[in-house]
Amino acid sequence: MVTLDRLINVLGGYGVRPLAVGPSRSAELHSVIVHDPADSATPVGDAVLAVGVRELRRAVDLAVSAKATVVLVHDPADRPGSPSAREAAEVATRNGVAVLLVDAGVSWSQVCGVVYGLVLEGRETESGRGPSDLFALADAIATTVGGQVTVEDRMSRVVAYSSLQQDADPARLDTILGRRVSEPVRRLFEERGVFRHLGTSPEPLFVAPSPEHGLRGRMVAGVRAGRELLGSVWVTCDEPLKGQRLRGLTDGAGAVALHLLRSRVSSDLERQVESELVIQLLEGTPDAASLCGKLGLPPDTFRVVAIQAHADDERHAAVLLAYDRATTGFGWSRAGRSTLFGNTVYTVLPCGEDPAPARAWVAELQRELPGHVRVAAGIGGVCDVTQLPAGKQEADECLALHVTRQGTVPVDYDEAWSEILLQRLRTAARAGRQPRRGPIAELTRHDAAHHTRYVPTLRAWLEAQGDLGAASAALDVHPNTVRYRMRRMSELVRLELDDPKTRLALVIALAVAE
């Protein structure tokens with residue numbers, strides 16, 4: 001089962017936009033009708049694909065006759081905003097029919113693949129059933145073109161390959177074994193403009209051999225849904241493909257597009273359900289224990305992991321790839337459950353007192369990402385299911401610390417709690433007006449006016465808990481200098497260093513001043 005809202009959201013990524021939306025986007029869709037111009041009878045169903053119909057009013061009338069919830073119209077003759085389009089939208093709204101306009105660059109076959117996958121396979125997909133076998137399709141393409149075939153996604157990760165491996169070159173073997181194109185070969189393709197060609201041109205491209213990279217010749221065709229690049233199909237060949245072999249590659253790329261679309265729909269359904277449940281847990285809910293059961297999480301203690309990923313030349317692509325890797329595989333095969341919120345991936349991990357498993361999980365995720373992607377991560381403290389909102393806050397605070405410590409291991413709350421507590425105190429103190437008077441304010445003004453170093457000296461003395469030797473070593477001065485400065489400060493301001501509460505307040509004030 002899929003709702004109208006979900007259908008609209010998914011199709012929005014493929015150049016489909018709503019002209020009119022019925023009274024309820026929560027309506028459930030259970031059946032699909034493809035309009036047949038040769039058939040005078042109109043069957044009844046929830047989603048109508050108005051194939052061959054370009055007049056909006058006629059498409060709406062078909063949907064009303066079919067008692068449908070939504071109708072899809074491909075490249076309509078009525079322009080949005082025109083009187084005929086407004087009339088059709090009014091009729092559709094009055095009859096509770098949503099009208100979706102399909103971009104001219106998206107074929108009916110691709111739309112059918114997505115709609116059928118969502119409406120007819122939604123229940124099976126949520127329980128773990130995937131799309132048809134891409135490996136079998138790779139074998140079929142290999143037979144047609146007479147060469148070894150590899151199917152890759154847009155991040156150069158292998159999603160399928162043909163079974164024939166005889167005379168495979170080292171680059172192909174490395175790609176299959178590593179499940180992605182190796183970095184040296186990827187850099188070679190970038191230098192030759194292969195990826196730029198795939199992103200801008202629908203035409204297949206021949207990639208010349210490179211013996212130093214263990215690479216025979218390749219013919220590559222982009223896999224597209226409308227204008228969006230989904231991946232690519234690669235054929236090992238010593239010269240450019242021509243005639244029937246070239247047509248076999250382009251036709252095969254079109255078939256792969258349908259498979260990848262249906263695969264995306266399958267994973268999107270799983271991820272949508274998981275993401276919404278995880279967000280509820282992180283925001284706090286009295287039904288937390290029940291949600292854990294729905295997510296397949298054990299009744300255990302947890303840690304929340306917050307991850308951000310960046311790549312200089314790929315806006316948003318890195319964090320989307322991190323989310324994809326965090327949610328790859330069936331739920332039961334993954335340790336945690338994840339959601340993407342803003343530019344951060346949050347994962348709820350079953351975890352005990354030791355943060356080592358969470359660190360290992362982050363390290364494994366980072367290994368799955370391309371080498372040019374930078375990752376920052378924060379690991380919250382141990383919490384039960386009702387404390388996950390606090391765990392998320394701790395993970396966010398640890399993530400913020402890790403961003404300032406580039407090149408270090410992820411920050412976990414167990415080892416960074418003192419820094420985080422001071423940061424919370426700074427934030428709380430800055431929420432109100434800063435005191436214009438008081439020891440720290442007065443000493444700061446005195447240092448600025450007379451070039452003294454009373455504030456750093458007081459900080460060192462407090463951090464050394466009154467040990468003159470340790471404070472002087474931190475400041476790289478003689479102990480008598482520290483003793484003199486402390487005496488002068490007590491003459492200038494009222495310190496009351498014998499009072500524990502005053503010392504604590506001074507530490508907080510100094511932390512805020514930083």
Side-chain angles (χ1 to χ4, degrees), residues 2-29 31-35 45-64 66 68-120 122 154 199-200 202 223-230 254 257-258 260-262 264-265 267-269 271-272 275-276 315-317 320 340:
V2 69
T3 63
L4 173 61
D5 182 72
R6 180 63 180 149
L7 180 73
I8 292 173
N9 289 338
V10 172
L11 289 176
Y14 306 108
V16 177
R17 60 196 186 281
L19 174 71
V21 178
S24 175
R25 288 178 64 142
S26 63
E28 297 180 358
L29 307 177
S31 57
V32 181
I33 299 170
V34 178
H35 171 61
D46 296 325
V48 175
L49 305 180
V51 178
V53 179
R54 296 192 63 208
E55 297 79 22
L56 288 173
R57 178 58 189 271
R58 183 165 172 242
V60 171
D61 291 341
L62 284 172
V64 173
T69 302
V70 59
V71 60
L72 284 84
V73 188
H74 190 279
D75 188 25
D78 312 78
R79 296 295 94 186
S82 66
S84 59
R86 288 198 297 269
E87 179 190 358
E90 290 172 1
V91 173
T93 301
R94 193 163 56 246
N95 288 275
V97 176
V99 181
L100 304 184
L101 308 182
V102 182
D103 188 271
V106 183
S107 69
W108 267 122
S109 61
Q110 292 172 337
V111 173
C112 288
V114 175
V115 174
Y116 270 92
L118 280 167
V119 177
L120 300 184
R154 61 182 299 171
T200 58
V223 175
R224 281 182 169 76
R227 296 179 177 85
E228 180 185 2
L229 182 68
L230 301 177
L258 290 177
L260 291 183
L261 282 173
R262 294 181 66 187
R264 177 186 287 188
V265 167
S267 61
D268 278 354
L269 285 168
R271 286 169 176 158
Q272 179 74 10
S275 179
E276 290 174 355
R315 179 173 173 82
H316 303 314
L320 290 173
L340 178 61

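The first residue of the sequence shown is numbered 1, and numbering continues consecutively from there. Note that this is a predicted model, so its numbers are computed, not measured. Scope of the values below: all heavy atoms of this structure, side chains included, with no hydrogens, waters or symmetry mates.
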Asks: Can you give me the closest heavy-atom contact between Leu230 and Ala257, atom names plus distance?
Replies: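 Of all heavy-atom pairs spanning Leu230 and Ala257, the closest is CD1-O, 4.0 Å.
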
Asks: Nearest 0.5 Å please: distance from the CD1 atom of Ile33 over to the CG atom of Asp46.
Replies: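 Taking CD1 in Ile33 and CG in Asp46, the distance rounds to 8.0 Å.
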
Asks: How far apart are the closest heavy atoms of Val48 and Ala63, and which atoms are they?
Replies: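 For Val48 and Ala63, the tightest heavy-atom pair comes out as CG2-CA, 4.3 Å.
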
Asks: Quick check: does any side chain N or O of His74 sit under 3.5 Å from a backbone N or O of Val106, one acting as donor and the other as acceptor?
Replies: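 Judged by distance alone, yes, a pair lies under 3.5 Å.
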
Asks: What residues form a side chain to side chain contact (heavy atoms under 4.5 Å, CB included) with Val64, not counting sequence neighbours?
Replies: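 Partners of Val64 under the side chain to side chain contact (heavy atoms under 4.5 Å, CB included) test: Val60, Asn95, Val97.
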
Asks: Would you mind reporting whether Leu11 and Leu72 have side-chain heavy atoms less than 4.5 Å apart?
Replies: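 Counting from C-beta outward, Leu72 and Leu11 do come under 4.5 Å.
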
Asks: Please name the pair of heavy atoms, one in Val51 and one in Val34, separated by the smallest distance, quoted to 0.1 Å.
Replies: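 Here Val51 and Val34 meet closest at CG2-CG1, 3.7 Å.
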
Asks: Can you check whether Val73 reaches Arg58 side chain to side chain, under 4.5 Å on heavy atoms?
Replies: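 The answer is no, as the side chains (C-beta and beyond) never meet within the 4.5 Å cut-off.
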
Asks: Can any side-chain N or O of Arg86 pair as donor or acceptor with the backbone N or O of Gly81 at less than 3.5 Å?
Replies: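 Yes, because the side chain of Arg86 sits within donor-acceptor range (under 3.5 Å) of the backbone of Gly81.
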
Asks: If I take atom CD from residue Glu28 and atom OG1 from residue Thr69, how far apart are they, to the nearest 0.5 angstrom?
Replies: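 Reported to 0.5 Å precision, the distance equals 10.0 Å.
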
Asks: Test: salt bridge (charged side-chain N to carboxylate O under 4.0 Å, His left out). Region: residues 71-81. Which pairs qualify, not counting sequence neighbours?
Replies: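 Of all non-adjacent pairs touching residues 71-81, those that pass salt bridge (charged side-chain N to carboxylate O under 4.0 Å, His left out) are Arg54-Asp75, Asp75-Arg79.
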
Asks: Could you please spell out the steps behind the side-chain contact (heavy atoms from CB on, under 4.5 Å) verdict for Leu320 and Leu340?
Replies: CA-CA 8 Å; Leu320 290 173; Leu340 178 61; 3.6 Å; yes

Asks: When you compare the side chain of Leu62 with that of Val71, does any pair of heavy atoms fall below 4.5 Å?
Replies: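 Result no, sub-4.5 Å side-chain heavy-atom pair not found.
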
Asks: Provide the closest heavy-atom pair for Ala50 versus Ala59 in the form atom of the first, atom of the second, distance.
Replies: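 What the structure gives for the nearest pair is CB-CB, 4.1 Å.
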
Asks: Within the 4.5 Å heavy-atom criterion, are Leu101 and Pro76 side-chain neighbours or not?
Replies: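 The answer is yes, as the side chains (C-beta and beyond) meet within the 4.5 Å cut-off.
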
Asks: For a quick test of reading the model, state the closest non-hydrogen atom pair linking Ala88 to Leu56 and the distance between them.
Replies: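 Closest heavy-atom pair between Ala88 and Leu56: CB-CB, 3.7 Å.
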
Asks: Find out whether Leu29 and Val115 are in side-chain contact, i.e. whether some heavy atom of one side chain is under 4.5 Å from a heavy atom of the other.
Replies: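 In short, these two side chains do not touch, never coming nearer than 4.5 Å.
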
Asks: Who pairs with Asp61 by side chain to side chain contact (heavy atoms under 4.5 Å, CB included), at least two apart in sequence or on another chain?
Replies: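 Scan of Asp61 (side chain to side chain contact (heavy atoms under 4.5 Å, CB included), adjacent residues dropped) gives Arg57.
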
Asks: Rounded to the nearest 0.5 Å, what's the gap from CG on Leu49 to CG on Leu100? Could you check?
Replies: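 Going from CG on Leu49 over to CG on Leu100, the span is 10.0 Å.
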
